[in-house]
Amino acid sequence: MLLDLPTLLVIATANVGVVSLALLVIIGTGASAATRCVQIALAALLLGGVAAITAGTVWTSVLAPLALLFFSLGLWLLHRALGSWLGHRTRPPTNRKRPRKPPRPGVYYGLDYRLSERCLRLLLVATPLGYLLGSASPAFQWGWSHLCLVTMLVLAAAATLFPMRHMGRAWRWMLCGCLTGLAVVLLVRGLVGGWGGAALLPFADMAMALAVNLAFVACMVALLAAWRDEAKARLHNLAMTDGLTGLLNRRGWLERAEGMFANAMRYQQPLTLMMLDIDHFKRVNDTYGHEVGDTALKLFARLLRDSRRTGDLVGRLGGEEFCIVLANTHRSASIGFDLRLRTMLHQTAEKELGFPLDYSAGVGVLKDGDSTLPGLIARADAALYEAKKAGRGQLVQSDGGAGLTVI
């Protein structure tokens, strides 16, 4: 059975329509921003395919640029989805300092991603507009449309190469290969048509139609794998996050604190650990109710986040007990952190809760001879116990042995 070009294009468009509907049913409307971009991108490609097929028979001057607009929109949305999945669209806080060490060569930085994002936005408008403005020259329309779509495919493929967060490699390479292959086929078709190769054009058309069908199937497998990786990452984050405060829970905090402890030991860097406990929290629950108690916990967690530096690790270990690892800092840094947090709490609690709130804190400092994180936690916990025993509302530092310093 022989398949002609219109039949292959209809099959490709039907595939896009079926997959778009299936994704909407399977994933639903509660998807992430990246997944929604993919869903909308598929809808745009479906409309573009319908417009391209119809443009061959009627309203060519209107439907052809409309098809280019939908195709460009689909590729731009795919690029945005990749940016969200791979971490390119995550903007670092403006108060972060530049890293001291030069980053790995070849990393696709957020700045480069934003540059390609701006290029795609420009092409989204320029592709159909240039086609309309070049109506006097069919050769220009042909070359312009192919060049713009090839550029967008290459930019989308490049976004898969250097992720800013850990994601699956197999689906990224598959998607990159599909988009790159499609760009090559489209480029060849553009060159054949632009140079007047009328005899070769039917073969180029068939190659493009076959490439579109094959690439679409492989791309959908890759995108489904990307969605699976995203879902696994979200489940992992939920398992590591305290649902009330949004901080790391005990499991998540211990997992990351172990890594910080190991790095500090390996590179002989200072490390300070603070245990914090809200004073008389049971009285807060008994007097004002558990809902107000939850509000107090969320307020304390928020102020902890606001007081920390980049690189510090904050977690809620349970109940009203919190812990923070001050990275690459000596004992004196805990005094500054405590003063900063206590001042913010005294200024905010009365205003937002209607009653004052205070806490006790114990500090443990990494010392020679430490071999495990639990030993450091135990010293900070012992210092916290002494702070509560001495009257609460104060900071006690462990001197590394039996000595304690009350601040």
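As a basis for the values below, the full set of heavy atoms in this structure was taken, side chains included, without hydrogen atoms, waters or symmetry mates. Everything numeric here is computed off the predicted structure, so don't read it as measured data.
Heavy atoms of other residues, nucleotides or ligands lying less than 6.0 angstrom from CZ of Arg340 number more than 12.
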What's the verdict on side chain to side chain contact (heavy atoms under 4.5 Å, CB included) for Arg121 and Arg80, showing C-alpha distance, side-chain angles and the deciding distance? CA-CA 11 Å; Arg121 289 179 183 175; Arg80 287 179 64 86; 3.6 Å; yes
List the steps, then state whether side chain to side chain contact (heavy atoms under 4.5 Å, CB included) holds for Val150 with Val184. CA-CA 8 Å; Val150 166; Val184 171; over 6 Å; no
Does the pair Gln141 and Ser135 meet the rule for a side chain to side chain donor-acceptor pair (under 3.5 Å), with working shown? CA-CA 7 Å; Gln141 288 181 319; Ser135 58; 5.1 Å; no
Assess the residue pair Arg250 and Asp242 against the criterion (side chain to side chain contact (heavy atoms under 4.5 Å, CB included)); give the C-alpha distance rounded to whole Å, side-chain angles, the decisive distance to 0.1 Å, and a yes or no. CA-CA 8 Å; Arg250 176 182 289 271; Asp242 176 57; over 6 Å; no
Arg302 vs Glu352, test: salt bridge (Lys or Arg N to Asp or Glu O under 4.0 Å). Steps then yes/no. CA-CA 12 Å; Arg302 191 187 81 211; Glu352 296 192 15; 2.9 Å; yes
As a quick check of understanding, evaluate side chain to side chain contact (heavy atoms under 4.5 Å, CB included) for Leu271 and Val365, giving each step before the final call. CA-CA 6 Å; Leu271 192 73; Val365 181; over 6 Å; no
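Panel note: side chain Asp277, backbone Leu384; no donor-acceptor pair is recorded below 3.5 Å. Listed for the Arg316 side chain is no donor-acceptor partner under 3.5 Å among the backbone atoms of Ala301. Using modelled atom types, no side-chain atom of Thr160 and backbone atom of Ala156 make a donor-acceptor pair closer than 3.5 Å. Remark: side-chain polar atoms of His146 are paired, donor with acceptor, to backbone N or O of Trp142 under 3.5 angstrom. Using modelled atom types, one side-chain atom of Trp144 and one backbone atom of Ala126 make a donor-acceptor pair closer than 3.5 Å. For the pair Ser307 (side chain) and Leu304 (backbone), a donor-acceptor distance under 3.5 Å is absent. In this structure a side-chain-to-backbone donor-acceptor pair under 3.5 Å is missing from Gln269 to Asn328. Under the 3.5 Å distance criterion, the side-chain polar atoms of Ser116 are matched with a main-chain donor or acceptor of Tyr113. Not a single donor-acceptor pair under 3.5 Å links the side chain of Asn263 to the backbone N or O of Met260. The main-chain N or O of Lys367 is found under 3.5 Å from a side-chain atom of Asp370 such that the two form a donor-acceptor pair.
We find that Asp358 and Arg392 are not joined by a salt bridge, their nearest charged nitrogen and carboxylate oxygen being 4.0 Å or further apart. Under 4.0 Å is where a charged nitrogen must lie from a carboxylate oxygen, and between Asp312 and Arg309 at least one such pair does. Ionic pairing of Arg234 and Asp229 is not present here: no N-O contact between side-chain nitrogen and carboxylate oxygen is shorter than 4.0 angstrom.
With values rounded to the nearest 0.5 angstrom, Leu276 atom CG is found 10.5 Å from Leu345 atom CG. Here the straight-line distance linking atom CG of Leu122 with atom CE of Met152 works out to 9.5 Å at 0.5 Å rounding. One finds the CZ atom of Phe281 at 10.0 Å from the CG atom of Asp286 (value rounded to the nearest 0.5 Å). Distance check, rounded to the nearest 0.5 Å: NE2 of His280 to OG of Ser360 gives 7.5 Å. To the nearest 0.5 angstrom, Thr343 atom OG1 is 11.0 Å from Leu303 atom CG. The structure places CG of Leu273 at 9.0 Å from CD1 of Ile324, a figure rounded to the nearest 0.5 Å.
Here the closest heavy-atom approach between residue Ala257 and residue Leu373 is recorded as CB-CD2, 3.7 Å. For the pair Val363 and Ala383, the tightest heavy-atom approach, listed with the atom from each and the gap, is N-CB, 3.7 Å. Of all heavy-atom pairs spanning Trp253 and Val314, the tightest one is CD1-C, 3.7 Å. Of all heavy-atom pairs between Leu247 and Arg305, the closest is CD2-NH1, 3.3 Å. Nearest heavy atom pair, residue Arg251 against residue Ala239, reads NH1-CB, 4.2 Å. Closest non-hydrogen pair, Gln394 versus Gly391, comes out as NE2-N, 3.8 Å.
Seen from the ring of Tyr359, Arg342 counts as a face-on cation partner, given the 6.0 Å and 45° thresholds.
Taking the six-membered ring where the residue is Trp, the centroids of His88 and Phe162 are separated by 6.0 Å or more.
Side-chain contact annotation: Glu230 with Ser32, donor-acceptor N/O pair under 3.5 Å present. Judged by distance alone, the side chains of Thr272 and His330 never bring a donor and an acceptor atom under 3.5 Å apart.
Among Leu182, Ile11, Leu45, the one residue that satisfies the side chain to side chain contact (heavy atoms under 4.5 Å, CB included) test with Val212 is Leu182. Screening Val284, Asn285, Leu297, Asp279 for a side chain to side chain contact (heavy atoms under 4.5 Å, CB included) with Glu320, the sole residue that qualifies is Leu297.
By the 30° and 60° cut-offs, the orientation of the rings of Trp85 relative to Trp171 is perpendicular.
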